[in-house]
Amino acid sequence: LLCWNSLLSSYAQAESILKVRDVFVRMPCRNIVSWNVLLHFYARIGDLERVREFFHSRIPEFDMASLTTMVAAFSQKGHLEEARSVFDSMPERDVVAWAVMFNGYSHNGYLEDAKRVFDLMPRHDILIHTTMLSAYAQYGYMLEARLVFERMPSRDIVVWNIAIAGYSQVGNLTFAKKMFSEMPEHLDTVSWNTMITAYAQNGHLNHGIAHFFMLQVEGIAPDEVTFMTILTACSRIGMLATGLECFMLMQRDHGLEPSKEHFNTMIDILSRAGELQNAKDLINSMPHSPN
RNA sequence: CUGCGUUACCU
C-alpha cells in the first residue's frame with residue numbers, strides 16, 4: 001500500500017491525470033492517504049467540482065489533511081467564503097490548517113481578514129510570520145512588514161530573501177542591496193535569484209546579468225529560475241549572444257532541462273534578433289508541444 | 001505514503 005501511495009503521489013506531482021486515475025483504480029486497496037492524494041491532485045489542477053464532490057460524499061472519511069486540502073483548493077481559486085465554511089466545519093485544527101486559511105486570505109489580498117485569523121491562532125510558528133511578512137511586503141505595506149520582521153522570534157534565510165524581494169518590489173534597490181550584503185545567513189540560490197530580479201525589476205538588466213556571472217564565481221549552483229530570469233532579461237534587452245550562451249550553459253554545465261518557458265523565451269530572443277529560421281528550427285526541435 | 005512560507009516566465 002505504501003508503494004502504491006508513493007506511486008500515486010509521484011504521478012499527482014507530475015500532474016498526469018490519466019496515470020493518476022489509472023493507478024488509483026488499479027490499486028489493490030486504498031486508505032485515507034490514497035484518497036487524500038487524489039483529493040490533493042484535484043485541488044492542484046483546480047478542479048473544484050471534484051473537490052466539492054469529495055466534501056459532500058465523505059469518501060471514505062476525512063482527516064485533518066483532507067479538510068485542509070479542501071480549504072487550500074477553494075482559497076487558491078479565490079472562493080474564500082467556501083474555504084472558510086470548510087475551515088469552520090473542521091472538528092479540530094492544527095498549525096497547518098490555520099496556516100492554510102491564513103494563506104488564503106493573505107494571497108488574495110485580504111490582509112485585514114488574514115490579520116484577524118492571525119490573532120485567533122493558538123500558536124504562531126515561523127512559517128506564519130513568514131507568510132504574514134511576505135503578504136505585507138508584496139502589497140507594499142512596508143511599515144507593517146517591517147514590524148513583523150522585527151517582532152519575529154527567529155529569522156531564517158527565507159525571511160531575509162522576502163525582505164530583499166519586498167524592497168525590490170517597492171523600488172528600493174538600495175535597501176535590497178543592503179539586505180543582500182548584510183544578511184547573516186548564508187546566501188542561497190533563491191537569494192541570488194531574488195537579487196538578480198531586483199536589478200532587472202528596477203531597470204538595471206545589465207547589472208542583473210553581471211550578477212549572474214558573479215553567482216557562478218561564488219560557487220552557488222544556478223537553477224531553472226536563475227536561467228529563466230536571465231533569459232527574460234536578455235530578451236528585453238536584446239542580447240542574443242548572452243541569451244544563447246546561457247541557454248547552452250544551463251544544459252551543458254548545470255545539467256538542467258530547459259522547460260517550455262525557457263524555450264519560449266529563447267525563441268523570443270532569436271525572433272527579436274531577426275533569426276527567424278533559427279527560431280523556427282528551435283520550435284521544431286524542442287521536446288515540448290508548442291503553444 | 002498525503003495537507004502550510006521566499007525568487008523567474010505566462011496569466
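No experiment lies behind these values; they were computed from the predicted model shown. Reminder, nothing fancy here: chain letters follow the sequence lines and each chain counts from 1.
A:N5 and A:N31 share a side-chain donor-acceptor pair at under 3.5 Å. Of the N and O atoms on the side chains of A:T265 and A:D268, not one donor lies less than 3.5 Å from an acceptor on the other residue. Counting only N and O atoms by type, the side chains of A:D88 and A:S85 include no donor and acceptor under 3.5 Å apart.
Taking the side chain of A:V33 as heavy atoms from C-beta on, and the options B:rU6, B:rU2, B:rA8, the nearest nucleotide is B:rU2. Minimum atom distance to the side chain of A:N31 is reached by B:rC1, of the listed B:rG3, B:rU2, B:rC1. Nearest nucleotide to the A:N5 side chain, out of B:rU2, B:rC9, B:rC1: B:rC1. The side chain of A:N103 lies closest to B:rG5, out of B:rA8, B:rG5, B:rG3. When distances are taken from the side chain of A:L127 to each of B:rA8, B:rU7, B:rG5, the shortest belongs to B:rG5. Taking only side-chain atoms of A:D63, from C-beta outward, the nucleotide of B:rA8, B:rU2, B:rC1 with the closest atom is B:rU2. With distances taken from any side-chain atom of A:H40 to the nucleotides B:rU7, B:rG5, B:rC4, the minimum falls on B:rC4.
Counting non-hydrogen atoms under 4.0 angstrom, A:V37 reaches the backbone sugars and phosphates but no base. Across all strands shown, A:T130 has heavy atoms under 4.0 Å from base atoms, whether or not it also approaches the sugar-phosphate. Nucleic acid contact class of A:M64 (heavy atoms, under 4.0 Å, all strands): base. Contact annotation for A:V190: base contact, defined as any heavy-atom pair under 4.0 Å involving a base atom. At a threshold of 4.0 angstrom between heavy atoms, the contacts of A:T68 include nucleobase atoms, whether or not backbone atoms are also involved. A:D94 comes within 4.0 angstrom of a base, heavy atoms only.
Side-chain contact between A:I230 and A:C234 is present, with heavy atoms from C-beta onward closer than 4.5 Å.
Residue side chain A:T131 does not reach the base of B:rG5 through any donor-acceptor N/O pair under 3.5 Å, judged by distance alone. With hydrogens and angles left out, the side chain of A:D156 and the base of B:rG5 share a donor-acceptor pair within 3.5 Å. Taking 3.5 Å as the limit, the base of B:rG3 and the side chain of A:T69 contain no donor-acceptor pair of atoms between them. A donor-acceptor contact under 3.5 Å is not formed by the side chain of A:D125 with the base of B:rG5.
Look at CD1 on A:I157: it is 14 Å from P on B:rU7, rounded to the nearest Å. Regarding A:F180, its CZ atom lies at a distance of 14 Å from the C1' atom of B:rU6, rounded to whole Å. To the nearest angstrom, C1' of B:rC1 lies 12 Å from CD of A:Q13. Between A:L67 atom CG and B:rU2 atom C1' the separation is 13 Å, expressed in whole Å. The distance from atom CD1 of A:I269 to atom P of B:rA8 is 18 Å, rounded to the nearest whole Å. For A:I196 and B:rC9, the CD1 to C1' distance is 15 Å, given to the nearest whole Å. If you measure from atom CD1 of A:I162 to atom C1' of B:rA8, you get 16 Å, rounded to the nearest angstrom. Distance A:Y199 OH to B:rU7 C1': 16 Å, rounded to the nearest Å.
The aromatic ring centroids of A:H262 and A:F247 lie 6.0 Å or more from each other.
Between A:F149 and A:A163 the shortest heavy-atom distance is CE1-CB, 4.4 Å.
The side chain of A:R236 places an N or O atom within less than 4.0 Å of a non-bridging phosphate oxygen (OP1 or OP2) of B:rC9.
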